[in-house]
Amino acid sequence: MKNNILIIGGGPAGLESASQLQRMGYNVILIEKSPKLGGHLAKWDRLFPDSVPADEVLGGLLRGAEGVKCFTDTDVRAINRLDKSYNVRLTNGITVLSDAVLVASGFDLFDAVKKEEYGYGVYDQVMTNADLEAYFKTGTDRRIENPGKIGFAHCVGSRDEKAGCRSCSKVCCATAVKQAIEMKQAFPNAEVFCFYMDLRLFGRHYEDIYLKAQKEYGVRFIRGRVAEVSENYDGTLLVKAEDTVAGKPLKVTLDLLVLMAGMRPSGVGKAIGDLLEMPVEEDGYFAVRSGIAASQRSPIPGIFLAGAATGPKTLPETLADARAAAMEVDRYLTEIFPDAKNYKQLVKERW
Amino acid sequence: MTPLLYLLAAQAPDPEVIDRIPSGFSPFVLPFTIGVAFMFSWIGVGLIRLLAAIPKSDRIKFAKSLFIPKTALKNIKDLFCDCLFHVKIWQRKPLLGYMHSAIAFGWFMIIILGHIEVALFVPARLNVTRGGLFYPIFYRYFVWMNPGHTTLRGAFFFFLMDFFLLYILSGIALAIFKRFRSIVLGMRHTTKPSLADRVALYSLWMIFPLRLLAESFTADLSGGSFLTVPVNHFWHFLFGDKLWFMPTWWAYSICLGLFFAAMPFSRYMHILTEVLWILLRNAGIEPNHPRKGVAEAEIYACSSCGLCLDACPMNVQKKNLKYSSVYFIRFLRRHNEKKINDIADKCLMCDKCHALCPVGVNAPALRRAQRATVNNAIPFDYSYLSTASGSTLAGETHATLGTVRGGTGASLCEASGGAERSEAVARPRVLPETATGKVLYFAGCMTHLTPRIIKSVEKVFKAAGVDYVFADREGGICCGRPLMLAGRKEAAAKVIEANKKMIEESGCDTLVLSCPICLKVFKEEYQLQGIRIVHYTQFINDLIASGKLAVKNTGEKIVYHDPCELGRGCGIYLEPRAALGQVGTLVKASKEYDESICCGGSLGSLTLDMKDRGKISESSLDSLLANDPQTIVTACPLCLKTFSEAVSNSKGPRKDVKVKDFAEVICG
Amino acid sequence: MIYEGKQKIWSDYQKDIPDDHYFYVRSCIRQSFFPASEATFLDITRNRLGKDIFETEHHTTCGGIAYHSDTIPQETVMTIIARQFALMAKHGYENYVCSCITSFGLYCETLETWREFPELEAKIRENLWKSCKLEFAKPKFLIHASDLIYKYRNQIAAQAVRKLVNVHTGEPLKVVEHIGCHYSKMFPSKGVGGAEYPYVLVGMIEAWGGEIVDYPERRHCCGFGFRQYFIKGNRGYSLSNTHKKFESMEPFKPDLIITNCPGCPYFLDRWQYVIAESTGKTYGQDGHGIPALTYEEVAGLVMGYDPWDLGLQTHQVGVEPLLDKMWVEYDPAKKFLGKNGKDLGAPAPCACLK
Amino acid sequence: MGKLYDLLMQDYRLKEGLNACINCGTCTAICPAAEFYRYDPRRIVDIVQSQDDNEIEKLLKSDTIWYCGECMSCVTRCPRKNAAGLIIMSLRNLSIELGYFIESEKGRQQFLLTKDLCSNVLDYGYCVYPRRFDYAGHPEAGRVWEWEEKHLDDVFERLGGNLDGKGPGAMRRIPQEDRDQLKAIFDITGATSRMEKVQAAGEKKAAELGMTMEEFTQMVYTTSDPKHLNH
Amino acid sequence: MVDFGFGLVPSSRINLDLFDKDKYRELVKIEPDARICMACGSCTAVCTAGKFVHTSLREAIEDILNAKNDKALESLQACQLCGKCSMVCPRGINTRHLILSINKVYSAK
């Protein structure tokens with residue numbers, strides 16, 4: 001055994017698959033572009049639906065991946081495909097000869113500035129879900145000073161063809177409900193409004209937190225997408241939407257508006273994908289061999305995918321996907337890879 | 001009677017009984033006298049206020065009722081059966097009945113006999129100015145028995161007095177025991193006594209032992225019988241010849257005084273008020289206010305016995321005990337508006353407390369009256385009903401149903417027409433084109449949520465060849481009962497008026513209802529002249545009995561649930577059972593007929609939440625499934641829906657029990 | 001408000017505006033109500049900036065108002081537009097500058113629709129040939145007249161005799177910008193600065209020393225609504241929309257409103273008059289209104305044109321307080337004189353609006 | 001799929017303006033008409049995409065489609081690239097084509113609009129012509145317009161205009177040949193026949209209502225039922 | 001004041017700033033279920049009164065939250081309290097009490 005496996009991306013998907021593959025006895029090399037492992041998880045405070053501390057989950061992932069060779073601040077400089085392995089030159093000068101490459105490049109948060117009408121980066125009191133998590137972690141944010149009225153705008157950069165992203169980001173509804181509750185906990189006298197188009201609370205316990213938000217915290221859910229944000233003379237925000245249930249336009253003055261920025265394909269991941277000539281689908285995420293039967297395999301033999309690199313996923317889905325990817329890598333390295341003579345034939349039959 | 005008693009006394013040649021204390025007074029009688037005088041004046045004033053609060057017409061009705069022989073006879077019967085013998089309690093809980101009747105009847109007899117004794121032996125003392133108020137009570141203190149002239153007559157009374165004292169004491173013993181171990185007497189819950197209750201209660205407990213003590217201390221002077229005389233001997237044996245008996249008479253008097261003084265503020269007020277309540281009730285006067293007038297008699301007639309605690313289906317959860325009728329009445333007495341409203345709103349109106357109440361206090365009616373004080377004033381606009389019922393006139397066949405207008409999806413063209421609301425008025429199809437039948441079937445709102453009832457009823461009607469008209473096939477208006485239950489009498493009247501018009505114009509002679517909620521209000525409030533109002537269980541049972549409908553007995557083990565409004569509400573218990581007996585084998589529920597437990601779905605309660613309702617459904621199911629039936633049959637759409645959901649939500653084998661509607665089972 | 005955030009967005013919406021040789025088409029409403037503005041535009045571009053800007057007497061309305069009042073079919077308006085394009089091509093121009101925002105939007109939409117549905121363009125070509133025996137060429141650049149002033153804003157500033165500054169306080173004037181809806185709301189990339197934070201007027205104000213005011217209803221329509229104004233019974237709609245904007249800008253106390261749309265300055269001006277006369281409410285200082293000027297009028301003021309040459313007397317809201325703030329010299333006596341000092345009398349005074 | 005929907009789909013504005021609507025309400029949220037009329041553009045788009053001919057017909061005969069001011073603000077915000085404004089325009093177009101517009105109070109206004117605007121275009125080559133913009137009919141144009149109206153030629157002269165003059169300039173007289181071309185365009189592209197159709201529908205309606213054309217015109221110009229408004 | 005033959009038109013825009021927090025708190029206190037409506041419309045779909053005139057508990061709840069208290073009462077004034085809505089509500093809202101409570105709280109001036 002002891003094949004080399006290169007994992008690109010040190011977020012939850014990369015860490016979990018690294019941990020699994022290492023356990024199987026492979027030699028795992030994990031690279032991470034940023035200085036820190038953990039991806040977006042490292043920036044999050046608590047996780048829906050049960051408000052588990054993100055650090056706790058990340059700690060578990062990091063412990064699992066102990067022993068894996070991790071290079072942070074590292075990107076891929078060049079990749080060339082050898083007979084059936086990959087020769088990967090990293091930006092830190094190291095060259096890895098890898099028998100399988102697992103791309104776990106994750107996602108980028110939608111750049112909320114692009115939704116110009118919401119005024120992120122223009123109006124003082126507009127922030128994103130990530131900003132709010134940072135506030136929860138650090139306890140400070142210049143925008144948050146005992147807000148009386150707080151709004152959450154769902155679907156910012158999701159289900160929006162104008163913003164170039166038709167798909168649903170899957171996690172924002174639950175995140176918004178979670179954050180709405182957390183804001184109510186922090187500011188019990190605040191009025192909290194969630195502007196949604198559909199509440200996509202499909203997971204286990206998700207509906208419970210929705211009910212809890214209504215019943216215990218009195219969060220107001222308004223079915224209508226935020227259409228326009230502007231700044232009042234006193235610096236508060238004027239938010240307009242339609243209450244589509246009532247069929248009437250609506251306005252509300254808010255002290256804080258939180259934009260639920262959705263998931264976009266990772267820009268860094270895209271660059272690596274280009275090096276590997278990995279195909280992407282219309283939505284910008286990497287294409288897979290088969291969306292149902294082989295969703296961890298790239299169309300290119302020897303290249304595997306895990307986590308949000310293949311589309312928006314919740315954290316448990318990402319971890320499950322990472323474990324599945326590890327199994328797929330193992331299957332490839334034991335069933336297809338060893339037979340050098342028939343490699344091409346086997347790929348044709350079994351990839 | 002008095003002259004006769006004097007006559008009897010005069011016949012005695014030599015006094016058998018000698019007035020021991022010529023003044024006929026001793027200071028120890030004061031506590032009693034004060035207490036009883038206080039009570040009588042309190043009651044006197046209360047009675048005047050109460051009668052004043054009754055509308056004049058009712059007052060006249062009341063006065064007249066006292067002289068109508070039939071009512072008078074019923075009054076006497078009820079007074080004896082309810083006030084003295086507590087027949088209703090006997091019927092359900094014999095031991096408890098014995099306890100109540102021992103105290104009530106025993107005490108009553110002791111008072112009567114005491115007066116007879118005075119009348120016989122010292123008739124002059126009956127005069128109020130000569131101690132008539134207390135003398136008969138403390139007779140044994142004031143007299144000296146002439147040992148040379150003992151007669152059988154005297155001994156007879158001594159015996160009777162001792163007998164009834166013993167009788168009472170046995171009741172008291174049970175009462176004391178009940179306070180600590182109520183379950184033995186068949187009560188799972190007992191009332192929590194208030195302060196006045198406690199004073200009166202402990203006084204009551206003490207009165208008769210003290211009387212025994214006092215009378216036995218003086219038994220060698222004033223005579224006694226099998227109880228007092230031996231006890232007297234015992235005292236002599238214990239204390240020698242010098243018995244100083246004043247303290248015991250004082251204590252006896254004080255306890256009596258305390259009891260009577262506390263009485264107006266305690267549950268024992270019922271002892272006297274019950275009499276008035278029975279008279280008012282039998283006169284047919286109904287409360288129009290939850291606290292004033294007749295209601296006052298009613299709430300003071302409540303003995304706080306607590307039988308309603310066990311009757312109430314909500315009390316399957318201990319936290320709901322506080323919503324029971326007994327507490328409702330207690331708070332009514334105390335004028336605690338907040339609590340009164342809370343309790344009034346919580347009740348399911350299943351009427352079981354009323355059915356089981358020994359004094360027939362109609363607490364649900366009082367609750368409705370209370371709800372009315374809050375809810376009757378809520379504004380409403382039923383102007384559309386006139387249009388709705390107007391369309392029932394023959395020839396109106398182009399019925400269209402209104403669309404429900406919502407935010408999304410619905411047509412918005414009307415949105416531009418300002419008359420959106422009025423334009424949306426639809427006319428219900430009340431009578432189809434071929435309205436020749438004399439039978440009108442009215443399904444009601446709830447039945448429309450359980451279409452299987454409608455389907456089965458129509459199937460049965462068809463099989464039996466019933467020529468009928470389906471009054472509300474396309475949906476009608478509400479019967480008004482839910483509004484009545486919420487205390488919205490005026491609103492209900494409008495709904496009733498509209499429905500009544502529709503029914504009268506239909507020309508039917510029989511109105512068949514499948515919803516007991518409708519049935520109750522149609523029967524009580526609609527006053528449909530010449531139209532027979534029947535529940536479909538009755539109607540179908542008649543069809544079977546007259547051979548028009550053939551049914552097959554499948555031998556299925558069936559338990560029948562008595563819906564509140566059908567059983568307790570309309571007294572229909574037997575017809576559904578008779579019919580069901582023809583299609584299956586009926587098994588018993590542990591509580592049935594008028595003790596049937598509400599399914600929990602009742603519209604009566606305004607504030608009971610889903611969880612609490614679920615608990616009630618569970619307990620009702622427990623009762624129904626006592627004898628392992630295969631199928632639960634009910635004859636109310638609300639029960640059907642509630643039980644169906646409760647069964648499907650429950651775990652274990654219970655899930656396999658089928659819940660069916662009466663008509664569904666009949667048509668097999 | 002984070003200014004850098006806006007700058008970032010502005011940098012994303014820069015529009016190619018050609019340097020010279022423009023084919024100019026007029027606006028029906030501006031000609032009718034603000035003839036001096038178009039005259040000033042031509043004077044500035046031709047005489048002050050030395051640009052070649054051509055106007056032919058043969059061009060007509062684009063039909064936009066009739067079209068947006070739903071009185072003529074889409075094909076009709078497109079054929080009229082095609083005829084305008086044919087005139088441009090005939091005179092050898094390819095930079096099409098229009099004075100009207102409705103036209104500008106309609107030209108954009110037409111070109112976009114033709115791009116998407118070439119068969120429609122062919123049909124229009126055929127229509128134009130059948131009706132006028134003309135052939136058209138699509139413009140290389142389609143620009144609005146305000147785009148041109150924007151482009152030359154700094155040159156204008158260099159020639160300016162005064163700034164948009166309150167000379168009494170030394171503070172910059174607070175200016176509200178109002179962009180015609182059809183400028184960039186349909187095609188954000190066709191407008192300088194995009195649809196949400198258009199820069200076309202903001203750029204001018206900044207260059208000329210004023211301070212821009214961003215108020216909540218800034219993006220909102222003036223309420224013209226075509227049929228909603230032309231029919232008297234509908235005018236409540238139009239009035240109410242402007243009213244909403246003024247209620248929203250009121251706390252910011254603006255000195256001036258600058259517009260780039262034909263109808264907007266008329267409505268923002270006259271509805272203030274109607275609000276004042278029918279409710280008593282005024283939005284400027286001491287019972288005055290807030291002057292709503294065209295960008296040419298503002299450019300003319302900073303360049304030292306005589307206010308009565310600019311036609312400021314045809315605004316119902318008096319401009320004198322603004323002129324005083326800017327230290328513009330004017331002769332009140334000449335305000336309503338005709339050419340060569342002809343006495344034309346003066347408008348009747350308003351009951352409420354000063 | 002309905003017949004009316006098919007007719008609508010022939011309109012390029014609908015082809016351009018209708019993608020699958022997700023009912024998010026951004027259009028209504030910022031719609032100037034939705035704020036002051038009983039109007040919800042989202043629901044209109046929803047009805048059109050339902051392809052339900054009954055509902056579409058109701059729409060075509062209703063006041064609802066005439067509330068829009070065609071400011072096109074909705075176009076900016078729609079996340080699905082719909083254009084409610086364009087959809088309204090194609091509905092109005094069809095309503096006029098089928099003669100349904102005359103059924104509603106607001107639709108009927110097309111009678112007046114068509115008459116005035118088209119004749120402005122054909123007679124002068126302008127949509128708006130100051131001599132036809134009278135203070136009496138437009139009191140809101142203010143005292144200053146009252147004055148201008150009196151001295152129109154002088155004011156234009158003073159302001160560098162060329163009212164009814166030769167050659168280029170503001171409000172010049174557009175040469176007859178150009179106006180002839182506009183007429184030819186009107187004839188060929190259906191505008192002329194539309195004018196005739198609308199005129200005839202108006203005359204018929206006036207007769208139905210037992211009004212003279214003056215009365216009818218006055219009614220159409222001034223009436224506005226409060227039912228159009230939200231309260 | 002001059003009459004121009006037309007005038008300002010009232011805005012129908014829902015203004016959440018006008019929402020009456022105190023009254024709502026009062027409502028929630030007597031009927032907490034007010035908070036848990038998810039606007040599914042089941043109540044309105046089965047409404048007995050709704051067959052004749054516009055009646056909707058869903059809308060009434062919405063109207064209250066949208067600061068249109070009078071409209072909420074209007075949406076309920078035809079209600080017959082028949083209770084069908086309580087049987088179909090997926091959240092188990094005690095609809096009848098909610099209706100009564102809305103009336104009690106919001107008809108009190």
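Just so we're on the same page: letters track the sequence lines, and every chain starts at 1.
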Do the ring centers of Tyr229(C) and Phe6(E) come within less than 6.0 Å of each other? no
Would you compute the distance between atom [atom1] of [X] and atom [atom2] of [Y] and round it to the nearest 0.5 angstrom?
X	Y	atom1	atom2	result
His243(C)	Ser11(E)	NE2	OG	10.5 Å
Phe4(E)	Lys232(C)	CZ	NZ	10.0 Å
Leu8(E)	Thr279(C)	CG	OG1	6.5 Å

What are the two closest heavy atoms between Lys244(C) and Arg13(E), and how far apart are they?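 Answer, listing the atom of Lys244(C) first, then Arg13(E): NZ-NH2, 4.1 Å.
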Which atom of Gly7(E) lies closest to which atom of Ser240(C), heavy atoms considered: O-OG, 4.4 Å
